[in-house]
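Step one of this worksheet: look at the structure below.
Just so it is clear, the structure is predicted and the values come from calculations on it, not from any experiment. Every number for a ligand or one of its atoms is a count from 1 in the order of the listing.
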Amino acid sequence: MTFEEYTELKKKIDYHMDRYYNEDAPEISDYEYDQLMQELKKAEKENPEWVTPDSPSQKIGGTAKREAGVKVTHNVPMLSIEDVFDPEEVRAWVNKVQEMHPGAQFSVEQKIDGLSMSLRYRRKADGNGMELTLAETRGDGLIGEDVTTNALVIPDVKRSLDIDADYLELRGEVYMTHEDFDKFNEIQIRDGKKEAANPRNLAAGTLRQLDSAVTKERGLRMFIFNIQDGPAELMAGHADGMKALSDAGVPTVFHKKCATADEVIEVIDQIGEMRSELPFDIDGAVVKIDQVAYRNDFPSGSKYTSGHIAYKYPPEERVITMDEILIDVGRTGKLTFTGLFHDSETGKPARLCGTNVSRATLHNQDYINEMKIGIGGKYKLFKSGEIIPKLNGCVEEPAEVFTAPDRCPVCGEVLEREEDTADIRCINPACPAQLSRTIAYFTSLNCMNIMGLGDQLVEALITEGYLNNYADIYKLKEHRDELISKGTIGKEKNTDKLLNNIENSKSNEPARLLTALGIRNVGQRTAKTIMQHFKSIDELMSASAEQLQEIPDVGATTANDIVHFFANEGNKKIIEEFREAGLTMENPETEEGGSALAGLTIVVTGTLPTLGRKEATELIEKNGGKCTGSVSKKTSYLVAGEAAGSKLTKAQSLGIPVITEEELLNMIKQ
Ligand SMILES: [Zn+2]
């Protein structure tokens, strides 16, 4: 590339940069633009002597990437404004100011719900007007973040100002319109991505983007609400300063100058009425002393800006019409109710605090009755800040108040209404809606103790259709090759490990299986007690409630829960599947265990070929032995597996017999 060609290229890029950043009307695609920049950078790398500060590669806005986290100390701290919630408090404050400064006037302004940003301008080198040198976020009020690159793509932020001053610091609010916010969320929904919560959050995230092209695309706006620092003529009266900015083309926030408390309150009311019609969110009205010099006489606490207060409007409220009531069965079997509705006035989702609301939780039947909720009924809806939308009273009653069904909408089982809470539950452990929970319980340590079947894997196996009930766990091996090729569980090694753990669980004693079934009121201890009174699961299944109640610890409720569970056809089928899969349904013959190890103290160390540490301990204790954790002179045997460490060394040094798992099992058999 010749120097002439390089100069031409610079001009070309400058032109497109201007179309892109300032005119908002690019003529070439971002890709083509990037290509030109690449060409330029390549030429500059080869000919470093050509590079001057006016090269597009050296300019702000020319580089699309912003460096994150560059901290800037504010020249004037960006403090917050003290909130008041009662118009009378506003009046009292205005009166207090006017007692000291009878001539004090006020500016009442919209408080835009966005994020504050401050802009620093300096006189241009050629002396003609000013140029933006720094844009910074509020941060913690004392130190903010440099967001200059992104500020430059906001059309409301002027790159240069035709104002005759050396230095000017403006403060304003960056916000997003409802239209741009909705547009963003529509795209997110289309792409299956998470929606933004409200315009303020989205504006904040957008301003802090690393790629200013993203910031530009999403669309941010800014209103200036204060001159923080500047020439004396702009700093005397607030309204005059705003006028000068406005004349220079700077968008300023809606503001009105007021002389009395009555006027101030009138403008607050006016702004309140505008609120629902504005294309953006406001979260209050700011009242500030117009004469900037008076402000410091009214500091309202060290963390608040002096000479300002913010009036907060009561939460917005809309009237909605109920269209539909959805019933969901949660993971715990609890029924939840969600009301779907539309704004009675607009026919669209209700617009509250910058978000579209078309659904709200209806809690439980008591709440539904109390609120008289039903299809066609009209209700007040309010939302404050980030709080979940809430119904706030019935305006027009429906023809019929909604009543929860008697049967589970998912499995068809009769629902239970809990006595002390208003909750309604499906207590069928085989209910598909509760599958992931019941499976997690089934495999847990005190139940079937199947290691490696975690929550996420269970969810994946359910989603992929491998698990429709907990008996399906034992059918996973039929899909071994498919699971490995899909990588659902992992590679071959992990898949086989899990399948092996599942196989091993088949030999668990029936009390574990009974616990794992998740019958209400039948926990680990009760299951153990029950299985001491029955030879097998089959015997238990045919027991009557009366028979069950003869067992200590088993009351009428528990007995009924058990009978109810085994009477269910679906549950019977699952038990049959367990039997077919080869699970242990009968108690071992030697119910009380043997006494083969009576009087022996045994220590287990290392990894045994088949028994887990807990299983080995149980086995030893069941056969009358005592299991301890450390080797001493009193130790009778050390059962050592693979990778046995210091315990083995110690046993050897003490001359204690070391045996294998096989030898231990043989001792029990005798
Ligand atoms: Zn159910």
Side-chain angles (χ1 to χ4, degrees), residues 324-340 359 361-369 373 375 401-444 447-448 450 453 455-476 513-523 526-527 537 540-541 545 556-578 581:
E324 203 183 336
I325 292 157
L326 298 181
I327 309 166
D328 265 315
V329 185
R331 265 168 58 105
T332 60
K334 191 176 137 184
L335 260 63
T336 58
F337 307 98
T338 308
L340 304 188
R359 53 168 62 216
T361 172
L362 305 181
H363 306 285
N364 53 45
Q365 188 68 49
D366 283 358
Y367 176 85
I368 290 170
N369 294 345
I373 294 165
I375 310 297
V401 171
F402 172 84
T403 326
D406 296 333
R407 287 179 174 273
C408 172
V410 179
C411 70
E413 264 299 291
V414 176
L415 294 167
E416 296 253 333
R417 184 165 177 157
E418 296 198 343
E419 278 168 27
D420 40 354
T421 68
D423 292 344
I424 300 174
R425 277 174 202 280
C426 170
I427 56 153
N428 172 16
C431 176
Q434 305 164 54
L435 199 57
S436 54
R437 182 185 62 94
T438 49
I439 289 177
Y441 180 70
F442 187 88
T443 59
S444 64
C447 296
M448 296 306 271
I450 301 172
L453 201 50
D455 288 353
Q456 276 187 341
L457 180 54
V458 168
E459 292 287 350
L461 290 168
I462 292 172
T463 312
E464 292 179 26
Y466 293 109
L467 299 179
N468 295 306
N469 60 50
Y470 40 45
D472 285 347
I473 294 170
Y474 295 99
K475 293 181 191 150
L476 284 175
L513 179 59
L514 179 59
T515 314
L517 294 177
I519 303 171
R520 200 159 68 144
N521 292 314
V522 183
T526 311
I537 296 281
L540 169 66
M541 282 173 83
T557 321
T558 310
N560 281 326
D561 286 336
I562 296 170
V563 170
H564 183 75
F565 181 87
F566 288 118
N568 179 288
E569 285 306 318
N571 292 340
K572 277 188 197 166
K573 201 171 150 264
I574 286 175
I575 302 290
E576 237 7 80
E577 287 179 29
F578 283 144

message: Using the rule given for ring-ring contact (aromatic ring centres under 6.0 Å, His included), can you reason through Phe578 versus Phe442, listing the C-alpha separation, both sets of side-chain angles and the distance that settles it, and then say yes or no?
response: CA-CA 13 Å; Phe578 283 144; Phe442 187 88; 5.5 Å; yes

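- Not counting sequence neighbours, Tyr441 has no partner by the ring-ring contact (aromatic ring centres under 6.0 Å, His included) test.
- Formation of a donor-acceptor pair under 3.5 Å by the Glu416 side chain with backbone atoms of Cys426 is not found in this model.
- A salt bridge between Lys573 and Glu577 is present, with a side-chain N of the basic residue lying under 4.0 Å from a carboxylate O of the acidic one.
- Remark: the backbone N or O of Phe402 is paired with a side-chain donor or acceptor of Gln365 at under 3.5 angstrom.
- For the Zn ion (ligand 1), the set of protein N/O/S atoms nearer than 2.8 Å consists of Cys408 SG, Cys411 SG, Cys426 SG, Cys431 SG, ordered by chain and number.
- With contacts defined as side-chain heavy-atom distances shorter than 4.5 Å, the pair Ile325/Ile373 qualifies.
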